[in-house]
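Numbering of ligands and ligand atoms starts at 1, following listing order. Heavy-atom basis, side chains included; hydrogens, waters and symmetry copies ignored.
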Amino acid sequence: MRFVLASQSPARLAVLKAAGISPDVLVSGVDEDALVASLVDPTPQRIVEVLARAKAEAVDVVEGVVVGCDSMLLTADGRVHGKPKTREVAERRWREQAGTTATLLTGHAVIRKDADGVRTAVAHEATLVRFGTPTEAELQAYLDSGEPLEVAGAFTLDGRGGWFVDGIDGDHTSVIGISLPLTRRLLHSVGITLSDLW
Ligand SMILES: Nc1nc2c(ncn2[C@@H]2O[C@H](COP(=O)(O)OP(=O)(O)OP(=O)(O)O)[C@@H](O)[C@H]2O)c(=O)[nH]1
């Protein structure tokens, strides 16, 4: 069965490959900001689920299974944060989040398309992340690396950011970008087991 990852994320691709899946990668190009702006008073959980589903629906796949994801960091003040994209925003994020606990939300959408039609399953995973406190020099060096600018919440678990994550409570693959256990459950709900894909 064809397995399509509707994501440009190298981390999502790496998680799937290490887990025995070699997906086709089709980048959705969804305008995330515009879609979020169109939602009326959405919860953080709904935002990541709507975005994940939009990405999976946007790619042109006639038959097979498509997976789309979206990750955001939900901070204790109720705000959600995507990718900083600039050094200034990444620095502000770290000055606010260092030493705190936040929740990394990852929305997941699995869409199966075959002769029986289209079946869709959507859910999100929430992982608590306990941030450490980088020194000023460490923070500046981390920002200089460029890594925190292109990842949700301005940190990675499996990269340079790992030095500044004291611990997590929940699924680590979800933090990296795609929850394997949740994706397995969503695949089951559309009639697919891993043995169909391995
Ligand atoms: N390696 C790594 N990447 C992370 C981590 N946390 C978040 N990310 C990445 O941060 C990005 C979150 O942005 P998203 O909008 O969900 O995805 P994207 O990278 O824009 O790619 P699309 O799915 O095509 O939208 C994803 O690429 C995640 O894999 C982490 O702990 N490790």
Side-chain angles (χ1 to χ4, degrees), residues 3-19 21 23-37 39 42 44-61 65-75 79-86 89-90 93-94 97 101-111 122-132 134 142 145-180 182-183 186:
F3 191 108
V4 176
L5 175 61
S7 177
Q8 67 83 32
S9 169
R12 291 189 176 118
L13 180 58
V15 167
L16 289 172
K17 281 190 166 179
I21 304 286
D24 296 337
V25 173
L26 295 179
V27 181
S28 69
V30 165
D31 182 341
E32 299 182 36
D33 294 339
L35 181 52
V36 173
L39 301 177
Q45 294 80 5
R46 174 156 166 72
I47 288 173
V48 296
E49 289 189 359
V50 166
L51 286 172
R53 180 172 187 150
K55 295 178 190 180
E57 290 179 338
V59 296
D60 183 17
V61 172
V65 59
V66 185
V67 177
C69 295
D70 189 76
S71 298
M72 286 191 168
L73 186 72
L74 171 61
T75 45
R79 291 182 298 152
V80 282
H81 309 274
K83 298 183 282 189
K85 299 177 183 173
T86 68
V89 173
R93 295 291 328 113
W94 269 100
Q97 70 195 32
T101 297
T103 304
L104 199 289
L105 297 172
T106 298
H108 295 64
V110 170
I111 301 177
V122 179
H124 71 273
E125 185 67 38
T127 309
L128 288 183
V129 179
R130 291 188 299 281
F131 290 110
Y142 187 44
S145 77
E147 179 187 279
L149 279 60
E150 289 308 317
V151 289
F155 81 101
T156 63
L157 198 55
D158 55 328
R160 292 173 183 257
W163 298 97
F164 312 123
V165 176
D166 286 348
I168 67 170
D169 182 358
D171 176 6
H172 73 288
T173 54
S174 183
V175 176
I176 296 171
I178 180 169
S179 169
L180 292 176
L182 175 57
T183 302
L186 294 177

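Annotation: the span from D70 atom CG to R53 atom CZ amounts to 15.0 Å, rounded to 0.5 Å. One distance of note links NE2 of H81 with CG of L74; it measures 8.0 Å at 0.5 Å rounding.
In terms of protein heavy-atom proximity, atom 17 (O) of ligand 1 is nearest to R12 NH1, 3.0 Å. Regarding atom 31 (O) of ligand 1, its nearest protein heavy-atom neighbour is L157 N, 2.6 Å. In this structure, the protein non-hydrogen atom closest to atom 23 (O) of ligand 1 is S7 OG, 2.7 Å. For atom 27 (O) of ligand 1, the closest heavy atom belonging to the protein is S9 OG, 2.9 Å. For atom 6 (N) of ligand 1, the closest heavy atom belonging to the protein is V175 O, 2.9 Å. Of the protein's non-hydrogen atoms, D158 OD1, 3.1 Å is the one closest to atom 1 (N) of ligand 1.
Of all atoms in ligand 1, numbered sequentially from 1 with element shown, those under 4.0 Å from a heavy atom of K83 are 13 (O), 18 (P), 19 (O), 20 (O). Within ligand 1, the atoms closer than 4.0 Å to a non-hydrogen atom of D70 are 14 (P), 15 (O), 16 (O), numbered from 1 in the order shown. Shown in contact with A11 at under 4.0 Å from a heavy atom are these atoms of ligand 1, numbered in order with element: 1 (N), 2 (C), 3 (N), 29 (O). If you number the atoms of ligand 1 from 1 as listed, the ones under 4.0 Å from a heavy atom of Q8 come out as 18 (P), 19 (O), 20 (O), 21 (O), 22 (P), 24 (O). With ligand atoms numbered from 1 in the order given, ligand 1 contributes 5 (C), 6 (N) to contacts under 4.0 Å with heavy atoms of F155.
For CZ of R46, the number of neighbouring non-hydrogen atoms (other residues, nucleotides, ligands) closer than 6.0 Å is 12 at most.
Not a single donor-acceptor pair under 3.5 Å links the side chain of H124 to the backbone N or O of V48. One N or O on the side chain of T106 and one on the backbone of S174 form a donor-acceptor pair closer than 3.5 Å.
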Show me, pair by pair, the donor-acceptor contacts under 3.5 angstrom made by side chains of residues 153-167, not counting sequence neighbours?
residue	atom	partner	partner atom	Å
T156	OG1	E147	OE2	2.7
T156	OG1	G159	N	3.1
T156	OG1	G161	N	3.2

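By the 3.5 Å distance cut-off applied to N or O atoms, G177 is not counted among the residues near ligand 1. Remark: ligand 1 and T156 share no N or O pair separated by less than 3.5 Å (distance only, no angle test). Taking distance alone, with nitrogen or oxygen atoms compared against 3.5 Å, P10 stays at or beyond that limit from ligand 1. By the 3.5 Å distance cut-off applied to N or O atoms, A152 is counted among the residues near ligand 1.
Proximity of K55 to ligand 1, defined as any heavy-atom pair under 4.0 Å, is confined to the side chain (atoms from C-beta onward).
Residue L5 is tested with V66, L16, V27 for a side-chain contact (heavy atoms from CB on, under 4.5 Å); the sole match is L16.
Listed by chain and number, the residues in a side-chain hydrogen bond (donor to acceptor under 3.5 Å, both in side chains) with Q97 are R93 (sequence neighbours excluded).
Counting heavy atoms from C-beta on, the side chains of S7 and L13 never come closer than 4.5 Å. Annotation: side chain of P10 is not in contact with side chain of E150 (no heavy-atom distance under 4.5 Å). Counting only heavy atoms from C-beta outward, the side chains of H172 and I168 approach each other to under 4.5 Å.
The shortest heavy-atom distance from M72 to ligand 1 is not under 4.0 Å.
The residue from I176, V67, V151 that puts a heavy atom closest to atom 28 (C) of ligand 1 is I176.
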